[in-house]
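Structure, as structure tokens:
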Amino acid sequence: MKFKERVFSGMQPTGSLHLGNYLGAMLKWIDLQKTHECIYCVVDLHAITVWQDPGELRNAIRQVTAAYIAAGLDPEKSILFNQSQVSAHAELAWVFNCVARLGWLNRMTQFKEKAGKDRENASVGLYAYPNLMAADILAYRATHVPVGDDQKQHLELARDIAQKFNNDFADSIRAAGYEDGQFFPQPEPVIVGPATRVMSLRDGSRKMSKSEPSDLSRINLTDDDDTIAKKIRKAKTDTEALPSEIEGLAGRAEADNLVGIYAALAGSQKADVLSEFGGRQFSEFKPALADLCVSRLGPIAHEARRLMADPAEIDRVLVDGANRARGIAEPILGEVKDVIGLIRAPS
Ligand code: AQP
């Protein structure tokens, strides 16, 4: 089957979005809107794989939606919704729980990192998270998935699940009219640009993350201008001047990170940043970076705050998006049920 090009991606409402989410994923989401049919989800079912305060979760779902729109996602053009409103995600995830192998999930590094030493006490949901992510994507037969570098392994698993489903049910899939036996596509990761893995501002060896205890480690999309400037001023660096060539960033994780952030915000490459700032000290580079950050993120924070003043309108956007998402996912889920031998309820 020739699959229509379709984009799917999502973010967890586990706190406010940060610069890593923005540069690693959202900038590409915004770009892809111009050329593709796009489906962007607030993945609230993923968020509850670790305990969330119910009131804060509700607020975070709206906040992430507001950040999507404020950053430039157009709810008329793209489909914006929260995952739990479209039950096809959870239903298909169960099917994939029965397709994916324990050995595959045992290799997932994110589970190991998040569960840490207390693995026995982690939720089953956290372990099965990649199967739900595969369902998120394949419920729409999405072909392209723009994500940060940390999601690469989960995307590979989604491809394995698609392949195994196509193999396990090959006869039934052909009988359903798919002559080439391809029921699900192999979704392609879209991991491009100078900031596919933005690192913590306090430790260049750790990913910038919502769950990092120190707020100084990340720039939130909700931070005001002064806070952004302060966090960049306090960002960890070494004492050397910036190099003029990319090779000079080797072994200088913090410098590499700040140069990558600058390049991504400026829409350029690290080499361009170094040809401008090579030989200059951080005392000169950091104020330029802070100005750029404030000029790019300040208006997003401002617009998100304005949108949050009208939660009913945000909820309306989510309901509209969910209706449109259901229109795509439910027929595909219905076919999945036919192919695997379930009897569906009459529509
Ligand atoms: N530091 C990062 N650099 C580049 N991309 C990143 N992404 C996340 N952190 C970085 C990308 O943002 C998208 C949404 O991520 P998510 O919210 O679903 O979950 P996450 O990857 O687990 O993000 P966090 O901030 O680290 O959340 P917590 O702390 O709750 O686990 C994805 O495309 C991701 O690659």
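Remember, it's 1-based here, ligands and their atoms both numbered in the order they're listed. Along the sequence shown, residues carry numbers from 1.
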Residues in side-chain contact (heavy atoms from CB on, under 4.5 Å) contact with S268, at least two apart in sequence or another chain:
A263, A266, D272, V273

Salt bridge (Lys or Arg N to Asp or Glu O under 4.0 Å) with E313: which residues, sequence neighbours excluded?
R316

Which pairs would a plain distance check flag for residues 107-118, meaning a side-chain donor or acceptor within less than 3.5 Å of a matching protein atom at least two apart in sequence or in another chain?
residue : atom : partner : partner atom : Å
T109    : OG1  : Q153    : OE1          : 3.2
K112    : NZ   : N106    : O            : 3.4
D118    : OD2  : N121    : ND2          : 3.3

Taking non-hydrogen atoms within less than 4.0 Å of ligand 1, which protein residues qualify?
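Ligand 1 pocket, heavy atoms under 4.0 Å: G10, M11, Q12, T14, H18, G20, N21, G24, A25, K114, V147, G148, D150, Q151, T196, R197, V198, K207, M208, S209, K210, S211.
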
Side-chain donor-acceptor pair under 3.5 Å between Q163 and N166, yes or no?
no

Common cluster, V124/M133, ILVMFWY with side-chain heavy-atom separation under 4.5 Å
no

Are R326 and F81 in a cation-pi contact, defined as NZ or CZ under 6.0 Å from the six-membered ring centre and within 45° of the axis?
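So R326 doesn't make the cation-pi contact.
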
